[in-house]
Structures are given as structure tokens and as C-alpha cells.
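Here's the structure we're looking at; comments come further down.
Counting starts at 1 for both ligands and their atoms, in listed order. Only a predicted model underlies this, so the values are computations on that prediction, with no experimental measurement involved. These numbers come from the heavy atoms of this one structure, side chains and all, not from hydrogens, waters or symmetry mates.
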Amino acid sequence: MPEFKTLKYHVSDSRVATITLARPGKRNAQDTHLLYELNDAFLAASRDSNVKVIILAAEGADFSAGHDLGEVDWQENWANSDRTTGWELTDGKGVEQMLIREKEIYLGFCQQWRRLPKPTIAQVQGRCIAGGLMLVWPCDLIIAADNAKFRDNTLTLGVSGVEYFAHPWEVGPRKAKEMLFTADWLGAEEAHQRGMVNHVVPLDELEDFTRTFAARIASRPMTALRAAKMAVNAAEDAQGRGAAEETAFAYHHLTHAHNREVYGMELDPTAMEAATISTSKLAPNKREK
Ligand code: ZN
């Protein structure tokens, strides 16, 4: 088992692996390092024949603040990561390198996590923002505390939605548009009503409920669990989910490219001035140098 710095990993006697994001001081914001560790942890649990179900949890008050916009060295960090796609590093000019990076660590990781051959359960408390959705949506089941709330505010940064664009499948097309256009919060109860969340439980019962729920699933036959998961995924895929994700990812990069051409950075600073995130936290566009 690899050593993790940004998360904790534990396997229980009931054959449930729990991966816990452990950057509470940063509200579990995701930098490059955390995403690679999370991918490693998911794969480790997946390959461990003693593990039957995987819980993704988070330390602290909030599940995840999304991508860590304070990671100024993201380009170098990615170049030094154990990249899995086989793409070469380009010279850094143009939009290609950013597209490749986001294809791997955002869309690619999320699609891989959705297809892990074991049931996965997200255990969510507090705020789950933008990139945070990209951790919970690939999971098969979502258990939310009654204080959980979800938001994609990327349109207020001048892009068309998070890189793993599952909104229409998760909340329905009309609510998806409202979430994107307004960046308003989706509360746990409404997320439950819309089928995005399986159960809403009091915050102080979240961990116990999820652990018991996971153990119950882990008592079922592994082969049938795997097959049931793949069958439901296949139903969504037959409806065009994968093709829609790829199209949305291309539109996402159209907006990044537009912002680079107009503002010299991937996000729109004029939109950000109107939003709550400080532009001082933005990584400068190093590839222009
Ligand atoms: Zn992006």
C-alpha cells in the first residue's frame, strides 16, 4: 500500500475500504497531488480482493472546495506526476497541454472512478463545490448529511461547467441549466428528491449510517454486485452519457481557449470580480512566458 499525504486509507473487517480526504485546512481542495493519490487509493482498493465496497469520505466541516486555485505550480506538478495517459508533454504553448492535463486528471480520472469494478459510496457533509462534484458524481451511491449542499460555480469563472459534465444525468436537464446559469446551491434534500442523493441523514449519524450501509452491501456476492453496477452503467452509456461528456469537455475547453485569447488566462477575470473567489488566488498563465 502506498503512503498517502493528502488522504487516509483504511479497510474494515466488513471488507469496506474507506478513503478519507485529509486536507481539512484547505477544505479538501484538490491539487494535482491529491488527485493522483486519490486515483492510487481507488485503484488499490479496486485491486485488493479483500475489499468489496469503497467509501469516499472527507475530514472537516466541508467535503470539498473543488480545485485548488492556489496551486501555482500545477503545470510542474503535473509534469512530475506519474502520468498515466501516455501523452508526451508538449512545449507548453497553445491550449494542448492544458487540454491533455484536464483530460487525464479531471475527465479521465472521473470516468475511471465511475467504472471501478466495485460499489463506491460518497459520504458528504458541508459544502461540495465544483470540482467536489467530480468526486461524488462518479460514485455509485451518495449519502449526504442534512447540512450538505452542492454547487457548480464555474460559469462565474467564465467556463461552461466542471470538466466531468454529468449535471443532466445527476439532476435532470432543466435543473442542470439552473445550477450552471445561477451557480446557486443545491441542498441535500432537493438533491435527494432529484435522485442525485440516495439518503439524507443527520450530520452526527453520517459516518455510522454510511459504514453500516456499506457493510450491508459488502455482505452480497461480489460477482453479482459488479455485474449489477456495470449493467446500470451500461444503461446510462446506451443513452449517450459518454458521448455527451466528451462533447461537454470540448465546450469546456472552448471557453478556456476563449478566455486565454481575450484575457490571457484560462478563467475570465471580469466574471470573477463579480463572484466570490479572489483573483489573487489565481494561478498565472505560465505557458504564455
Ligand atoms: Zn478546466
* Asked: Going by an N to O cut-off under 4.0 Å, is there a salt bridge joining R241 and E245?
  -> yes
* Asked: Vertex the Zn ion (ligand 1): angle to OE1 of E102 and OE2 of E163, to 10°?
  -> 90°
* Check: M230 main-chain N/O paired with R115 side-chain donor or acceptor under 3.5 Å -> no
* Decide, counting backbone as well as side-chain atoms, whether E266 has an N, O or S atom less than 2.8 Å from the Zn ion (ligand 1). => no
* Should the heavy atoms of other residues, nucleotides or ligands under 6.0 Å from NE2 of H10 be counted, would the total exceed 12? -> no
* Asked: Of the backbone and side-chain N, O or S atoms of H252, does one lie nearer to the Zn ion (ligand 1) than 2.8 Å?
  -> yes
* Would you find more than 12 non-hydrogen atoms of other residues, nucleotides or ligands less than 6.0 Å from D204 atom CG? -> yes
